[in-house]
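Scroll down for the structure; my scribbles are underneath it.
Remember, it's a predicted structure, so these values are computed and weren't measured experimentally. Just so you know, these numbers use all the heavy atoms, side chains as well, and skip hydrogens, waters and symmetry mates.
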Amino acid sequence: MEINLTDFLTSTLEALKAQDIQAIDVKGKSSITDTMIICTGTSSRHVASTANNLIEESKKVGIDIFAQEGKAVADWIVIDFGQAIVHILQNESREMYQLEKLWA
């Protein structure tokens, strides 16, 4: 059974209580991925635990993680799943960087 990566990641983020989850199709706009998934964590601890749990749940179903960045500060963690890149940000960072406007 083939897993839809975007659906799996967004539903897992929902289960992990990530907020304001947006999946943006960036085919043709980005040479590195097809989908950017952006969500908000309520604190650095929530951002870090959401990232850790998302990685664990993905590995359980055989989804590869290519890279991750930002765990030390946990203000903005990026996880590269190849066809999708997940950005988990604290609200302040999300407002400052406005990734939705960049990719929309």
Side-chain angles (χ1 to χ4, degrees):
M1 179 180 121
E2 179 132 349
I3 293 172
N4 179 306
L5 183 61
T6 301
D7 291 347
F8 174 81
L9 294 172
T10 54
S11 64
T12 303
L13 287 166
E14 283 172 11
L16 295 169
K17 307 284 189 252
Q19 300 174 346
D20 194 16
I21 302 163
Q22 291 193 12
I24 302 169
D25 182 344
V26 294
K27 285 186 196 99
K29 294 180 187 177
S30 169
S31 60
I32 57 170
T33 193
D34 294 337
T35 307
M36 292 282 179
I37 299 172
I38 304 164
C39 65
T40 304
T42 55
S43 65
S44 58
R45 178 175 270 163
H46 184 228
V47 168
S49 71
T50 300
N52 289 335
N53 288 316
L54 183 63
I55 290 167
E56 278 181 35
E57 293 304 313
S58 299
K59 286 180 179 174
K60 284 180 190 173
V61 297
I63 296 171
D64 292 329
I65 290 89
F66 295 99
Q68 55 184 310
E69 196 64 52
K71 280 181 128 173
V73 180
D75 183 45
W76 176 1
I77 296 179
V78 180
I79 309 164
D80 183 353
F81 291 93
Q83 292 181 343
I85 294 178
V86 176
H87 299 265
I88 308 168
L89 300 97
Q90 286 190 53
N91 200 42
E92 221 170 76
S93 295
R94 187 162 180 176
E95 287 177 14
M96 183 167 33
Y97 294 107
Q98 299 188 358
L99 297 178
E100 292 91 336
K101 286 185 180 173
L102 181 68
W103 292 108

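Residue W103 holds its CH2 atom at 7.5 Å from NE2 of H87, rounded to the nearest 0.5 Å. Note: I38 CD1 to Y97 OH = 13.5 Å, rounded to the nearest 0.5 Å. In this structure, the separation between CD on E14 and CD1 on I21 is 4.5 Å, given to the nearest 0.5 Å. I85 CD1 to E69 CD: the interatomic distance, rounded to the nearest 0.5 Å, is 12.0 Å. For the atom pair L9 CG and L16 CG, the distance stands at 10.5 Å (nearest 0.5 Å). To the nearest 0.5 Å, the span separating CD1 on I3 from CZ on F8 amounts to 6.0 Å.
The closest donor-acceptor contact from the side chain of T33 to the backbone of G82 lies under 3.5 Å. Side-chain N or O atoms of Q90 include one that pairs as donor or acceptor with a backbone N or O of A74 at under 3.5 Å.
Proximity of N91 to D20: side-chain heavy atoms (C-beta onward) are nowhere separated by under 4.5 Å. Put simply, the side chain of L89 reaches to within 4.5 Å of the side chain of L99, judged on heavy atoms. Side-chain contact between D75 and V47: absent, with no pair of heavy atoms (C-beta onward) separated by less than 4.5 Å.
For Q98, the CD atom sits in a packed shell: over 12 heavy atoms of surrounding residues, nucleotides or ligands are nearer than 6.0 Å. The local environment of CD in E92 is sparse, with at most 12 non-hydrogen atoms from other residues, nucleotides or ligands closer than 6.0 Å.
Not a single side-chain hydrogen bond (donor to acceptor under 3.5 Å, both in side chains) links D34 to another residue, sequence neighbours left out.
Among all heavy-atom pairs drawn from C39 and L13, the shortest one is SG-CD2, 3.9 Å. Nearest heavy-atom pair across N52 and K71 is OD1-NZ, 2.6 Å. When all heavy atoms are compared, the tightest approach of A84 to I37 is CB-CD1, 4.5 Å. Counting all heavy atoms, side chain and backbone alike, D7 lies closest to T10 at O-OG1, 3.2 Å. Nearest heavy atoms, Q83 versus L5: CB-CD2, 4.1 Å. The two residues T50 and H46 have their closest heavy-atom pair at OG1-O, 2.7 Å.
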Could you go through residues 55-64 and list every donor-acceptor pair under 3.5 Å that involves a side-chain atom there, pairing it with any protein atom two or more places apart or in another chain?
| from | atom 1 | to | atom 2 | distance (Å) |
| --- | --- | --- | --- | --- |
| E57 | OE2 | K60 | NZ | 3.0 |
| S58 | OG | L54 | O | 2.7 |

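Hydrophobic clustering keeps I65 apart from I32 (ILVMFWY residues linked when any side-chain heavy atoms are closer than 4.5 Å, directly or through intermediates). When hydrophobic clusters are built by joining Ile, Leu, Val, Met, Phe, Trp and Tyr residues whose side-chain heavy atoms come closer than 4.5 Å, directly or via intermediates, V26 is not grouped with I79. No continuous path of hydrophobic side-chain contacts links M36 to I77 [ILVMFWY only; heavy atoms under 4.5 Å].
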